[in-house]
Amino acid sequence: MFRQSLLKTLTVLAILAAAIAYTFTTGYFGKELVIEAATLAILAISLDMIAGYGGMISLCHGAIFGVGAYTYAGLTVLFEVNPFLAFAAAIVVSAAFAFAVGAVTARTHGIFFIMATLAFGQMAYVLVFENKALGGDDGLAGVPRLDVSPLGLDFNNSVQFALFAVAAAALSYAAAAWVLRSGFGRTLVGIRVNEARMKAVGLTVWRTKAIAFAISGALAGLGGAIAAQQTMFVSPELMAWMVSGTVLMVVIFGGIGTLVGPIVGAVVWVFLKHEISSATPYWHIVAGTVLIITIVAGGRGLYGQIEYMVERRRLKRLAAAGVPSTATGREDETHA
Amino acid sequence: MSDWSYWAVQTLNGLQLSMLLFLLSVGLTVIFGLLHFVNLAHGALYALGAYIGISAATATGSYWAGFAAAPVVVALTGILLYLGLMKRMRRAGPMNQVLVTLGLIFVFVDIFRLVWGDIAIGTVEPALFTGRSELFGVVYPTYRLFIIGLGALVMAVLALVLSRTQLGAMIRAGVDNDQMAACLGVNVEKIFFLVFCVGCALAGLAGAVAAPVFSAHPDMGTEILISTLIVVVVGGMGSLRGAIAGSFLVGFAQTFGTVLLPHVASLLIYALLALVLVFRPTGLFPARA
């Protein structure tokens, strides 16, 4: 179950403050890294919602992210639609695509679910790759950024655009936390913990799963639409299955099922990748080793491990004070 | 080239791809079925087989040295991975297994780049099977016929071992119900280990055999991995029949899709996978009903 603990609030605020301070002090390239970390964080939050809390390990989140990016890019470049409209459309179309995937795959579990999501993600990838109107494997260039001149702002200014991306990431966290705290969020966790029981108490499981997928897809699409504006270019590479694999790695690295962990994971990932890539071309060997160590060490991840230790101390303190364990909101949760 | 021989060549192409996919997927599917282990690094083992095959062939000047060395080296690598990593991930659930082996893919790809470089490297076909063969007016590369023959041979041997020997009966019992098999005195752990080694060796063999046709490059394992996983899931995990059916379905769908519907060819196998998963969530011929 999701609980907006003090530790979560403090960590999010600290990262937010650091991101804003860094944006104002760093050079052009640093701002690009901030934007990259912000979009990756949005995508990772979106995946953690359904993977960490809903127990659905999706390997099509890269594709949903790409659907968002392509919807924004296609509408603005090919049809010259107002960027704000295209931005909204990107979120809606991604959510609809995710809803369809979630509805169709709701019956499958475990490795079959992972494979089914992979199949749908790859289908989207192939369709885009083979579509000449969308530029095929060359992609689409000349994607405009949102025109915010009526507000006296300019998103071609990299400070303003970086702050916009950071704000979007913060809002995504707030939205995801709000959903997970609601009755719907508890229902979703209920499905992960015991799907058969949720069915027995009368829940239409597939609908809950599909709606959760749609909400997660809307966030992923938001991230995609921002990523398309950052590089002003989209290519099918955004949707390749290894992107989904990478996002999953980021979520695990930060701490799955913590919602804050994915943000920590995304920030550390982007900056670590930048540092290591500038020293050696073999970044993947580091990333792979770090992932393997994270899993073998218990799979809690960077932030997850800290939260686990803090939470354990809190429970001990409560137990010492004589509060029954059922009142502490803890349940036996496993991320199988 | 006549119309008839064109389609005959395409059929042979389909057969050749199917056999390659079979060599890869049979190990993966039995590891899935017996160990309940999701090994995404299987594709990396295939790539390792290709590289070892090429290096051994270059060092000795004989294709057959690579053909013999690849399965052995890959099986030994598999044993190291199993003892060091996978054994402790046995009960960790599919997600952790997917992630650990995903991490292994990353590590392997960079090791390939470190040792063999970024550029694709090729090798020559064995002298025995170079050139082209002609049969009923159909001209086809001899080496590819060799791949088809080798695949058929492995298929036949595995089918015989699984259905006619005591070892095969023990493997089937382990797939069906490992705890019950253990109660009846089968050393399930030992069988698991043996099956894992054979699966890795076959992946290495597939790599060595594929090297002269598709040259070896760091991403070759990741590229074939998806097709292999589709074979395994479409066929149903843990069964030889499933691996055979899945290999032929995917191999022919890919080959004829490219010829008949070039734009949606790669879509075809994903659509096949999605259809099977939606209507038969455990595959066509699952080992356990």
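Below, read A as the first sequence line, B as the second, and so on, with proteins coming before strands; counting in each chain starts at 1.
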Residue among A:Met123, A:Glu130, A:Lys132 with most heavy-atom pairs under 4.5 Å to chain B: A:Met123
A:Phe120 versus B:Ala274, closest heavy-atom pair with distance: CZ-CB, 3.7 Å
Side chain / backbone / both / neither for B:Arg113 at chain A, heavy atoms under 4.5 Å: both
Rounded distance [0.5 Å steps], CZ in B:Phe108 versus NE2 in A:His284: 15.5 Å
Derivation and outcome, side-chain contact (heavy atoms from CB on, under 4.5 Å), residues A:Thr246 and B:Phe106: CA-CA 10 Å; A:Thr246 308; B:Phe106 274 55; 4.3 Å; yes
Top contributor to chain A contacts, counting heavy-atom pairs under 4.5 Å, from B:Leu267, B:Ile111, B:Ile269: B:Leu267
Which portion of B:Val278 sits near chain A, non-hydrogen atoms under 4.5 angstrom: both
Interchain contact, A:Leu291 with chain B, by part (heavy-atom threshold 4.5 Å): side chain
Options A:Ile252, A:Thr105, A:Ile114, ranked by heavy-atom pairs under 4.5 Å with chain B, top entry: A:Ile252
Side-chain heavy atoms of B:Leu114 within contact of A:Tyr282, under 4.5 Å: yes
Top contributor to chain A interface from B:Leu99, B:Leu102, B:Val276 [non-hydrogen pairs under 4.5 Å]: B:Leu99
Beyond-backbone contact of B:Val98 with A:Ile57, side-chain heavy atoms, under 4.5 angstrom: no
A:Thr108 versus chain B, the contacting section by heavy-atom distance below 4.5 Å: side chain
Heavy-atom contact with chain A under 4.5 Å, split by part of B:Leu275: neither
Value rounded to 0.5 Å, distance of CG in B:Asn96 from CD1 in A:Ile292: 12.5 Å
Side chain / backbone / both / neither for A:Trp283 at chain B, heavy atoms under 4.5 Å: backbone
Heavy-atom closest contact (B:Leu277 atom, A:Met115 atom, distance): CD1-C, 4.0 Å
Side chains of B:Phe279 and A:Arg107 in contact at under 4.5 Å (non-hydrogen atoms): no
Residues in residues 294-303 of chain A that sit under 4.5 Å from chain B, counting heavy atoms only: A:Ile295, A:Val296
Contact class of A:Ile293 relative to chain B, heavy atoms under 4.5 angstrom: neither
Spacing of CG belonging to A:Leu59 relative to CD1 belonging to B:Ile226, to within rounding of 0.5 Å: 8.0 Å
Nearest-0.5 Å distance that lies between atom CD in A:Gln122 and atom CG in B:Leu273: 10.0 Å
Side-chain heavy atoms of A:Ile111 within contact of B:Met237, under 4.5 Å: yes
